[in-house]
Amino acid sequence: MPDVRQDGAVVLVTGGVRGVGAGIARVFRENGATVVTCARNRPEDAGPGFIRCDVREPEQVERMMQQVLDEHGRLDVLVNNAGGAPYAPAAGASPRFHDKVVQLNLLAPLLVAQHANAVMQRQDTGGSIVMISSVSGCRPSPGTAAYGAAKAGLRNLTASLAVEWAPKVRVNALDVGMVRTENGELHYGSEAAVAAVGKTVPLGRLAEPEEIGNCALFLASPLASYVTGATLLVHGGGELPAFLAATDVNHGEHA
(Lines give C-alpha, C1' and ligand atoms only; values in the text may rest on other atoms or scores of the structure.)
Protein backbone atom coordinates (compact mmCIF):
# COMPACT_ATOMS: atom_id res chain seq x y z
CA MET A 1 0.00 0.00 0.00
CA PRO A 2 1.58 3.35 -1.01
CA ASP A 3 1.98 6.08 1.55
CA VAL A 4 3.07 9.70 1.68
CA ARG A 5 6.66 9.07 2.73
CA GLN A 6 9.29 10.73 0.54
CA ASP A 7 12.35 8.75 1.65
CA GLY A 8 15.23 9.44 -0.72
CA ALA A 9 13.32 12.04 -2.75
CA VAL A 10 14.87 15.39 -3.64
CA VAL A 11 12.36 18.22 -3.22
CA LEU A 12 12.74 21.87 -4.20
CA VAL A 13 10.50 24.38 -2.39
CA THR A 14 10.71 27.91 -3.79
CA GLY A 15 10.28 30.59 -1.15
CA GLY A 16 10.75 27.79 1.37
CA VAL A 17 12.32 29.72 4.24
CA ARG A 18 9.35 31.72 5.58
CA GLY A 19 5.64 31.33 6.20
CA VAL A 20 3.80 28.73 4.17
CA GLY A 21 6.96 27.72 2.32
CA ALA A 22 8.81 26.94 5.54
CA GLY A 23 5.88 24.82 6.70
CA ILE A 24 5.92 22.89 3.43
CA ALA A 25 9.67 22.33 3.69
CA ARG A 26 9.33 21.04 7.28
CA VAL A 27 6.65 18.54 6.31
CA PHE A 28 8.71 17.08 3.47
CA ARG A 29 11.82 16.85 5.68
CA GLU A 30 9.84 15.10 8.41
CA ASN A 31 8.73 12.58 5.79
CA GLY A 32 12.22 11.64 4.67
CA ALA A 33 12.91 13.99 1.78
CA THR A 34 16.08 15.92 1.06
CA VAL A 35 14.73 19.46 0.78
CA VAL A 36 16.28 22.33 -1.13
CA THR A 37 14.87 25.81 -0.56
CA CYS A 38 15.44 29.09 -2.34
CA ALA A 39 14.70 32.78 -1.89
CA ARG A 40 16.02 36.07 -3.21
CA ASN A 41 17.96 36.75 0.00
CA ARG A 42 19.52 34.32 2.47
CA PRO A 43 17.93 34.63 5.92
CA GLU A 44 20.07 33.99 8.99
CA ASP A 45 18.17 30.79 9.73
CA ALA A 46 18.13 29.48 6.16
CA GLY A 47 19.29 26.03 7.26
CA PRO A 48 20.77 23.31 5.06
CA GLY A 49 20.00 23.07 1.37
CA PHE A 50 19.42 26.78 0.76
CA ILE A 51 20.19 28.33 -2.64
CA ARG A 52 19.97 32.05 -3.24
CA CYS A 53 17.80 32.57 -6.31
CA ASP A 54 15.38 35.14 -7.67
CA VAL A 55 12.89 32.89 -9.45
CA ARG A 56 11.97 35.70 -11.83
CA GLU A 57 15.45 35.64 -13.37
CA PRO A 58 16.05 32.91 -16.00
CA GLU A 59 19.82 32.79 -15.50
CA GLN A 60 19.48 32.39 -11.74
CA VAL A 61 16.87 29.65 -12.11
CA GLU A 62 19.10 27.79 -14.55
CA ARG A 63 22.05 28.01 -12.12
CA MET A 64 19.87 26.83 -9.24
CA MET A 65 18.63 23.80 -11.13
CA GLN A 66 22.17 22.90 -12.15
CA GLN A 67 23.30 23.18 -8.52
CA VAL A 68 20.49 20.83 -7.45
CA LEU A 69 21.64 18.31 -10.06
CA ASP A 70 25.33 18.71 -9.17
CA GLU A 71 24.65 18.13 -5.48
CA HIS A 72 21.84 15.56 -5.59
CA GLY A 73 21.77 14.12 -9.10
CA ARG A 74 17.99 14.34 -9.50
CA LEU A 75 14.83 16.29 -8.69
CA ASP A 76 11.68 14.41 -7.75
CA VAL A 77 9.33 17.14 -6.54
CA LEU A 78 9.01 20.87 -7.18
CA VAL A 79 6.75 22.92 -4.94
CA ASN A 80 6.29 26.31 -6.61
CA ASN A 81 5.51 28.35 -3.50
CA ALA A 82 7.26 31.71 -4.00
CA GLY A 83 4.79 34.54 -4.55
CA GLY A 84 2.75 37.26 -2.93
CA ALA A 85 1.85 40.92 -3.37
CA PRO A 86 1.41 43.99 -1.17
CA TYR A 87 -1.97 45.68 -0.88
CA ALA A 88 -2.45 48.24 -3.66
CA PRO A 89 -5.81 49.34 -5.11
CA ALA A 90 -5.74 48.76 -8.85
CA ALA A 91 -6.77 52.29 -9.87
CA GLY A 92 -3.56 53.85 -8.60
CA ALA A 93 -1.05 51.03 -9.06
CA SER A 94 1.61 51.54 -11.73
CA PRO A 95 2.12 49.33 -14.78
CA ARG A 96 5.52 48.38 -13.37
CA PHE A 97 3.90 47.24 -10.11
CA HIS A 98 1.39 45.05 -11.93
CA ASP A 99 4.12 43.65 -14.16
CA LYS A 100 6.20 42.60 -11.16
CA VAL A 101 3.21 40.97 -9.43
CA VAL A 102 2.27 38.92 -12.49
CA GLN A 103 5.90 38.03 -13.11
CA LEU A 104 6.38 36.65 -9.59
CA ASN A 105 3.06 34.85 -9.26
CA LEU A 106 2.56 33.44 -12.77
CA LEU A 107 5.59 33.70 -15.04
CA ALA A 108 8.16 32.68 -12.42
CA PRO A 109 6.32 29.44 -11.52
CA LEU A 110 6.16 28.63 -15.24
CA LEU A 111 9.89 29.29 -15.60
CA VAL A 112 10.89 27.11 -12.66
CA ALA A 113 8.46 24.39 -13.74
CA GLN A 114 9.99 24.35 -17.24
CA HIS A 115 13.44 23.66 -15.80
CA ALA A 116 12.10 21.06 -13.37
CA ASN A 117 10.20 19.29 -16.12
CA ALA A 118 13.33 19.08 -18.27
CA VAL A 119 15.04 17.19 -15.44
CA MET A 120 12.06 15.00 -14.53
CA GLN A 121 11.38 13.90 -18.11
CA ARG A 122 14.85 12.31 -18.19
CA GLN A 123 14.24 10.33 -15.00
CA ASP A 124 12.75 6.85 -15.06
CA THR A 125 10.45 7.81 -12.19
CA GLY A 126 9.42 11.16 -13.67
CA GLY A 127 8.37 13.67 -11.06
CA SER A 128 5.67 15.81 -9.49
CA ILE A 129 5.09 19.57 -9.53
CA VAL A 130 2.81 21.29 -7.03
CA MET A 131 1.79 24.91 -7.61
CA ILE A 132 0.83 26.92 -4.53
CA SER A 133 -2.04 29.10 -5.68
CA SER A 134 -4.63 31.05 -3.73
CA VAL A 135 -8.36 31.44 -3.26
CA SER A 136 -7.71 34.97 -4.55
CA GLY A 137 -7.62 33.36 -7.97
CA CYS A 138 -11.18 32.04 -7.78
CA ARG A 139 -13.00 34.91 -6.05
CA PRO A 140 -12.69 38.73 -6.13
CA SER A 141 -9.36 39.99 -4.86
CA PRO A 142 -9.86 43.71 -4.07
CA GLY A 143 -6.61 45.47 -3.25
CA THR A 144 -4.60 42.70 -4.88
CA ALA A 145 -6.28 42.49 -8.28
CA ALA A 146 -3.16 41.64 -10.29
CA TYR A 147 -2.25 38.98 -7.74
CA GLY A 148 -5.69 37.39 -7.99
CA ALA A 149 -5.54 37.46 -11.78
CA ALA A 150 -2.09 35.84 -11.76
CA LYS A 151 -3.29 33.10 -9.41
CA ALA A 152 -6.28 32.46 -11.66
CA GLY A 153 -3.79 32.05 -14.47
CA LEU A 154 -1.78 29.63 -12.37
CA ARG A 155 -4.81 27.34 -12.09
CA ASN A 156 -5.14 27.21 -15.88
CA LEU A 157 -1.37 26.81 -16.26
CA THR A 158 -1.50 23.81 -13.96
CA ALA A 159 -4.14 22.09 -16.09
CA SER A 160 -2.31 22.87 -19.33
CA LEU A 161 1.10 21.67 -18.15
CA ALA A 162 -0.45 18.49 -16.75
CA VAL A 163 -1.64 17.62 -20.26
CA GLU A 164 1.59 18.61 -22.00
CA TRP A 165 3.95 16.86 -19.59
CA ALA A 166 2.05 13.64 -18.91
CA PRO A 167 2.66 10.81 -18.34
CA LYS A 168 6.12 11.36 -16.81
CA VAL A 169 5.32 14.48 -14.78
CA ARG A 170 2.20 15.16 -12.73
CA VAL A 171 1.24 18.80 -12.20
CA ASN A 172 -1.29 19.86 -9.55
CA ALA A 173 -2.11 22.94 -7.50
CA LEU A 174 -3.36 23.99 -4.08
CA ASP A 175 -5.76 26.93 -3.80
CA VAL A 176 -4.77 28.13 -0.35
CA GLY A 177 -6.94 30.23 1.95
CA MET A 178 -5.88 32.25 4.97
CA VAL A 179 -2.83 30.91 6.82
CA ARG A 180 -1.40 31.83 10.21
CA THR A 181 2.28 32.72 9.75
CA GLU A 182 4.98 34.66 11.59
CA ASN A 183 3.94 37.77 9.65
CA GLY A 184 0.23 37.30 10.25
CA GLU A 185 -0.12 40.61 12.08
CA LEU A 186 0.79 42.44 8.87
CA HIS A 187 -2.25 40.92 7.17
CA TYR A 188 -4.77 40.47 9.97
CA GLY A 189 -3.68 42.65 12.91
CA SER A 190 -3.58 41.67 16.58
CA GLU A 191 -4.18 38.22 18.07
CA ALA A 192 -7.77 39.26 18.70
CA ALA A 193 -8.13 40.25 15.06
CA VAL A 194 -6.63 36.93 13.92
CA ALA A 195 -9.19 35.10 16.07
CA ALA A 196 -12.01 37.23 14.68
CA VAL A 197 -10.87 36.61 11.10
CA GLY A 198 -10.68 32.90 11.86
CA LYS A 199 -14.34 32.91 12.85
CA THR A 200 -15.26 33.90 9.30
CA VAL A 201 -14.01 30.48 8.13
CA PRO A 202 -16.33 27.47 8.55
CA LEU A 203 -13.59 25.51 10.39
CA GLY A 204 -13.28 28.45 12.78
CA ARG A 205 -9.59 29.27 12.40
CA LEU A 206 -6.76 30.06 10.01
CA ALA A 207 -4.67 27.23 8.60
CA GLU A 208 -1.24 26.37 9.96
CA PRO A 209 1.62 26.30 7.40
CA GLU A 210 2.16 22.58 8.03
CA GLU A 211 -1.43 21.87 7.00
CA ILE A 212 -0.64 23.29 3.58
CA GLY A 213 2.50 21.17 3.59
CA ASN A 214 0.47 18.03 4.31
CA CYS A 215 -1.66 18.66 1.23
CA ALA A 216 1.39 19.30 -0.95
CA LEU A 217 2.90 16.09 0.41
CA PHE A 218 -0.22 14.15 -0.58
CA LEU A 219 -0.21 15.52 -4.14
CA ALA A 220 3.48 14.66 -4.52
CA SER A 221 3.08 11.15 -3.10
CA PRO A 222 2.18 7.79 -4.67
CA LEU A 223 -1.23 8.12 -3.02
CA ALA A 224 -2.00 10.73 -5.70
CA SER A 225 -0.51 8.69 -8.54
CA TYR A 226 -3.64 9.15 -10.71
CA VAL A 227 -4.11 12.83 -9.87
CA THR A 228 -2.84 15.42 -12.34
CA GLY A 229 -4.21 18.72 -13.59
CA ALA A 230 -6.18 19.09 -10.36
CA THR A 231 -6.56 22.07 -8.05
CA LEU A 232 -7.29 21.18 -4.43
CA LEU A 233 -9.08 23.78 -2.30
CA VAL A 234 -7.36 24.18 1.06
CA HIS A 235 -9.37 26.96 2.66
CA GLY A 236 -11.17 25.54 5.69
CA GLY A 237 -14.51 25.63 3.88
CA GLY A 238 -14.05 29.05 2.33
CA GLU A 239 -15.61 32.27 3.51
CA LEU A 240 -19.10 32.52 4.95
CA PRO A 241 -21.50 34.34 2.61
CA ALA A 242 -21.61 38.03 3.49
CA PHE A 243 -25.42 38.12 3.51
CA LEU A 244 -25.52 35.87 6.59
CA ALA A 245 -24.18 38.71 8.75
CA ALA A 246 -26.92 41.05 7.54
CA THR A 247 -29.95 38.80 7.75
CA ASP A 248 -32.11 38.54 10.89
CA VAL A 249 -33.03 34.92 10.16
CA ASN A 250 -31.50 32.28 12.42
CA HIS A 251 -29.62 29.98 10.05
CA GLY A 252 -28.08 27.94 12.84
CA GLU A 253 -24.49 27.34 13.83
CA HIS A 254 -23.59 25.47 10.64
CA ALA A 255 -25.53 27.58 8.12
Side-chain angles (χ1 to χ4, degrees), residues 15 18-24 26-27 79-93 98 101-102 104-106 109 130-159 172-219 223-224 227 229-255:
R18 290 285 183 268
V20 171
I24 293 170
R26 282 192 295 272
V27 167
V79 182
N80 252 327
N81 167 77
Y87 180 86
H98 285 151
V101 170
V102 173
L104 176 61
N105 292 282
L106 178 59
V130 180
M131 307 288 198
I132 303 302
S133 189
S134 168
V135 295
S136 293
C138 53
R139 55 118 167 104
S141 187
T144 52
Y147 172 80
K151 291 300 188 181
L154 194 60
R155 176 186 280 235
N156 184 272
L157 180 65
T158 296
N172 294 290
L174 300 177
D175 268 2
V176 177
M178 295 181 290
V179 184
R180 185 186 184 99
T181 68
E182 63 269 26
N183 293 323
E185 71 279 359
L186 298 178
H187 299 283
Y188 310 118
S190 65
E191 282 296 316
V194 169
V197 169
K199 290 179 180 177
T200 68
V201 178
L203 287 185
R205 61 179 177 82
L206 276 59
E208 297 295 332
E210 288 79 7
E211 292 179 299
I212 311 306
N214 289 337
C215 293
L217 180 69
F218 161 71
L219 288 177
L223 285 178
V227 181
T231 297
L232 176 63
L233 288 172
V234 189
H235 59 6
E239 299 165 359
L240 297 175
F243 79 86
L244 290 178
T247 183
D248 58 5
V249 177
N250 181 12
H251 290 275
E253 183 180 357
H254 300 292

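Numbering of residues begins at 1 and proceeds along the displayed sequence.
- When all heavy atoms of Thr144 and Tyr87 are compared, the pair lying nearest together is CG2-CA, 4.3 Å.
- Going from atom SG of Cys215 over to atom CG of Leu233 covers 10.5 Å, rounded to the nearest 0.5 Å.
- Scanning all heavy atoms of the two residues, the minimum distance from Val20 to Pro209 falls at CA-CB, 4.0 Å.
- When side chains are defined from C-beta on, Asn105 counts as touching Lys151, because their heavy atoms get closer than 4.5 Å.
- From Leu217, atom CG reaches atom CD1 of Ile212 across 13.0 Å, with rounding to the nearest 0.5 Å.
- A search for side chain to side chain donor-acceptor pair (under 3.5 Å) contacts involving Thr158 returns nothing, not counting sequence neighbours.
- Between Met131 atom CE and Asn81 atom CG the span is 12.0 Å, to the nearest 0.5 Å.
- Exactly one of Val197, Val194, Val135 qualifies for a side-chain contact (heavy atoms from CB on, under 4.5 Å) with Met178. That residue is Val197.
- Heavy atoms only, all atoms of each residue included: Ala82 and Gly15 are closest at CB-N, 3.9 Å.
- In terms of heavy atoms, Ala216 sits closest to Ile24 at CB-CG2, 4.5 Å.
- Ala88 and Ala93 make their closest contact through CB-CB, 4.5 Å (heavy atoms, listed as atom of the first residue, atom of the second, distance).
- Listed by chain and number, the residues in a side chain to side chain donor-acceptor pair (under 3.5 Å) with Asn172 amount to none (sequence neighbours excluded).
- Remark: Asn80 CG to Leu174 CG distance equals 11.5 Å, nearest 0.5 Å.
- When each of Thr231, Leu154, Ile132 is tested with Asp175 by the rule side-chain contact (heavy atoms from CB on, under 4.5 Å), just one qualifies, namely Thr231.
- Partners of Glu239 according to the side chain to side chain donor-acceptor pair (under 3.5 Å) rule, which considers only residues two or more places apart in sequence or in another chain, are Arg139.
- Heavy atoms only, all atoms of each residue included: Glu208 and Arg205 are closest at N-NH1, 4.3 Å.
- At least one donor-acceptor pair closer than 3.5 Å links the side chain of Ser190 to the backbone N or O of Ala193.
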